[in-house]
Undergrad: 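Please read through the structure below; I'll follow up with questions.
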2 protein chains.
Amino acid sequence: MINLLSNLKIQVPDKIYIKDPESSKLGMRIIEDGIKLIDEVGFDDFTFKKLGSRIGSNESSIYRYFENKHKLLLYLTSWYWGWIEYQMVFATHSIEDKRQKLIRAIEMVTREVERDLTITHIDEVALNRIVINEYSKSYLTKEVDNANKEGYFVIYKRLVSRIRDMILALNPKYPFPSSLASTIIEGSLHQHFLKDHFQSITDCNKTVTPMGFFTDLTIKSIEA
Amino acid sequence: MINLLSNLKIQVPDKIYIKDPESSKLGMRIIEDGIKLIDEVGFDDFTFKKLGSRIGSNESSIYRYFENKHKLLLYLTSWYWGWIEYQMVFATHSIEDKRQKLIRAIEMVTREVERDLTITHIDEVALNRIVINEYSKSYLTKEVDNANKEGYFVIYKRLVSRIRDMILALNPKYPFPSSLASTIIEGSLHQHFLKDHFQSITDCNKTVTPMGFFTDLTIKSIEA
DNA sequence: TCAAAATTAACAGTAATACTATTATATTTG
DNA sequence: CAAATATAATAGTATTACTGTTAATTTTGA
C-alpha cells in the first residue's frame, strides 16, 4: 500500500474548491496548516484570517481557493473519507471469505488512524481528530440538501454503500444493511469522541475499542 | 401520563441559565419562540437579535436569561432529554419482563415524537427536529470538558445509563452495555436525519423506522 | 398603597467575523 | 520577454456577539 499510495491522488469533488489546493504551494500550505489550526483551535474558532497569518499569507488569497471555511471543512473531510475508502478497498479486495472481508472492512473504518508517511502535507492523525470533532458540522446545516445535490458527500456515501454491500453479501436477507453500515461509520466516530470526553456512557477505553464493539454488533446482528 | 405531567416541571441544570426562563412571561416567550426560530432558520443563523425582534423584546433582555445562544441550546436539549427520560421511566416502570421493558425503553427514545398538549409553551415536535439537527453542536466544542464538569449533560448521561442498566438486567454478561445504549440514542437521531436528507445510506423511511432497526440490533446483540 | 426593588426596553458602542473589491507586485508560461 | 496568472497588501462593509447605561415599567412587601 505504502508505495502505491505515493502515486495516487485522492480525488475530492471539484465543486468543493474554487482552485485546486493541490495545484500550488500556497494551496498545499492551506491544507497542511488548515488541518493543524482547526485541530488546535476547533472549527468554530478557526478563521481564514488566522490561517493567513499562520502561513504568512493573506486572508483574501485563501478565498481564492475556498469560498468559505465550511467548504474547506468539506474538502478536508472528503479527502479523509477518500483516504479511508482507498485503504479499506485495498485491505479487503483480496479476501474471499465474506465474513472476513466484512470484518476487515469494519476494522479499517473504525480503527485508530496512524500517520501515512507517503503523504507529507497531510497529518492524518490530526485530520482524524477533526473528523471526530467536526464532521457532523459539515452536514448539519440548513443547506444540506443543496450540498448533497452538488455532490459534496459522494465519497462518504460510497464508503457506506461499500459496507452495505459487504453486509448484504454475507446475509442477503438482513433487513437493515444501509442503516447498519451508516451506524458503524458514524457510531464509531461517536464512540471515539465519548472515549475522550464522556467515559461514563461508553465502554471504549484503552483496551475496549470501537472496532471491537462494532464488529461484535455487526456479526451478531446479521448472523443471528 | 397526560395529567401527571401537567404538574411536573422538567428540571434543567440551573447553571445553564442566568435567570430561570420558566419564572417569567418573557422567559417563557424566549423558550417558546426560541424553539420556533431555531427550527426555522437553524441554530447557526439564529441570533438573540432576531429572537428579540420576533418576541417584541430587546436583545439585551434575552442576555439576562442566557449567557449566549449556545447556553440556550443546552437548555432546550436538556429539557428535551428530561422530557424523554420522564416518558421513558413512566412507560417502563410497571413492566416486569426485562425484555419487554428494554424494548419499550428503546421505543420511547427512538420513536417519532408527538406534541404533548399538557405543555403549552413548548412545541416538542419542533424541539425534536432541533435535537436531530443541532444536538451534536452542543457538545462538539473545545469547551466540552468544562461544560461536562459543570453538569450540563447530566440528564442525557442519566438517560443513557438507564438504558445501559436495562441492557445489563437482560444480559449481565454483555460486554458493551454503555456503548450500545449511547449508540441507540445517538444513532437514532442520526437515522432520523438520514431519512430526511440521505435516503441512500439508510433503510429508514415511511415503513421502516429507526425504532425497528435499533430494537432488532439490540435484541440480537445481547441475546446472541 | 406607596416606595423600593427588580425587570425590561431602548439605545449606544465595541471587537471580531466573514466576507468583497481594488491595486500593486511577483511568478509562471508560451 | 510579454502576457497571463497568482499572490500580497490594503481598505472597506454588514453582521455578529456581545457589554454597558439609562429610563421606563412592573412587582413586591411593609
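Order of the sequence lines fixes the chain letters, A, B, ..., with proteins taken first and strands second; residue numbering starts at 1 for each chain.
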Undergrad: Examine A:Lys157 relative to B:Phe198 and say whether NZ or CZ is less than 6.0 Å from the centre of the six-membered ring and inside a 45° cone about the ring axis.
TA: no
Undergrad: May I ask you to test the A:Leu73-A:Glu134 pair for a side-chain heavy-atom distance under 4.5 Å?
TA: yes
Undergrad: Round to the nearest Å and state the distance from B:Asn58 atom CG to C:dT8 atom P.
TA: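 Rounded to whole Å, this separation is 12 Å.
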Undergrad: Any side-chain N or O of A:Lys49 under 4.0 Å from OP1/OP2 of C:dA18?
TA: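 Indeed not, no polar side-chain atom of A:Lys49 lies that close.
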Undergrad: Relative to the ring of A:Tyr139, is the ring of A:Tyr135 parallel (under 30°), tilted (30 to 60°) or perpendicular (over 60°)?
TA: perpendicular
Undergrad: Give A:Tyr65 one of three labels, base, sugar-phosphate or nothing, depending on what nucleic acid heavy atoms sit under 4.0 Å from its own.
TA: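 Answer is sugar-phosphate: A:Tyr65 comes under 4.0 Å of backbone atoms only.
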Undergrad: Please find the earliest and latest nucleotides of DNA chain D, in the 5' to 3' direction, that have an atom within less than 4.0 Å of any heavy atom of chain A.
TA: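 Counting from the 5' end, contacts occupy D:dA6 to D:dT10.
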Undergrad: Using atom CZ of A:Phe46 as one end and atom P of C:dC19 as the other, report the distance to the nearest whole Å.
TA: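 These atoms are roughly 12 Å apart.
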Undergrad: Taking any heavy-atom pair under 4.0 Å as a contact, classify B:Ser61: base, sugar-phosphate, or nothing.
TA: base
Undergrad: Provide, to the nearest angstrom, the distance between the NZ atom belonging to B:Lys19 and the P atom belonging to C:dA5.
TA: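 One finds 17 Å between P of C:dA5 and NZ of B:Lys19, rounded.
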Undergrad: For residues B:Thr183 and A:Gln191, is any side-chain donor paired with an opposing acceptor at under 3.5 Å?
TA: yes
Undergrad: B:Glu59 CD to C:dA12 P: how many Å, rounded?
TA: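 The distance from CD of B:Glu59 to P of C:dA12 comes to 14 Å, rounded to the nearest Å.
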Undergrad: Decide yes or no for A:Ile119 and A:His121: does some side-chain heavy atom of the first lie under 4.5 Å from some side-chain heavy atom of the second?
TA: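 Result yes, sub-4.5 Å side-chain heavy-atom pair found.
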Undergrad: Think B:Ser57 has a side-chain N or O under 4.0 angstrom from the OP1 or OP2 of C:dT8?
TA: no
Undergrad: Among side-chain atoms of B:Glu22 and B:Tyr17, is any donor-acceptor pair under 3.5 angstrom?
TA: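 No - no donor-acceptor pair under 3.5 Å links their side chains.
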Undergrad: Is there a side-chain contact between B:Ile163 and B:Met88 (heavy atoms, below 4.5 Å)?
TA: yes
Undergrad: Got a sec? Which of residues 20-40 of chain A come in under 4.0 Å of DNA chain D, heavy atoms?
TA: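 Within residues 20-40 of chain A, the residues near DNA chain D are A:Ser24, A:Leu26.
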Undergrad: Would a 4.5 Å heavy-atom cut-off, applied to side chains only, mark A:Phe66 and A:Phe48 as touching?
TA: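 Yes, at least one pair of side-chain atoms sits under 4.5 Å.
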Undergrad: On DNA chain D, compare the nucleotides closest to B:Arg64 and B:Lys50; which residue's is nearer the 5' end?
TA: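 Counting from the 5' end, the first nearest nucleotide belongs to B:Lys50.
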Undergrad: When the distance from OH of B:Tyr63 to C1' of C:dC11 is rounded to whole Å, what number comes out?
TA: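 Answer to the nearest Å: 15 Å.
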Undergrad: Students often mix this up, so state it plainly: with edges at 30° and 60°, are the rings of A:Trp79 and A:Trp83 parallel, tilted or perpendicular?
TA: parallel
Undergrad: What are the residues of residues 68-78 of chain A, sorted by number, that bring a heavy atom to within less than 4.0 Å of DNA chain C?
TA: A:Asn68, A:Lys69
Undergrad: Within the 4.0 Å heavy-atom criterion, would you say B:Phe48 contacts the bases, only the backbone, or no part of the nucleic acid?
TA: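 The answer is nothing, as B:Phe48 stays clear of every strand by at least 4.0 Å.
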Undergrad: When you match A:Ser60 and A:Thr47 each to their closest nucleotide on DNA chain C, which lands nearer the 5' end?
TA: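 The residue whose closest nucleotide sits nearer the 5' end is A:Thr47.
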Undergrad: Using the six-membered ring wherever Trp is involved, compare the ring planes of B:Phe193 and B:His190 and label them parallel, tilted or perpendicular (cut-offs 30° and 60°).
TA: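 Rings of B:Phe193 and B:His190: parallel, as their planes differ by under 30°.
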Undergrad: Output the rounded distance in Å from CZ (A:Phe43) to P (C:dT17).
TA: 14 Å
Undergrad: What do you reckon, are the aromatic ring centroids of B:Tyr75 and B:Tyr65 less than 6.0 Å apart?
TA: no
Undergrad: Any side-chain donor-acceptor pair under 3.5 Å between B:Thr202 and A:Ser179?
TA: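 Per modelled atom types, B:Thr202 and A:Ser179 side chains form a pair under 3.5 Å.
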Undergrad: Rounded to whole Å, please give me the gap between CD1 in A:Ile62 and C1' in C:dA21.
TA: 17 Å
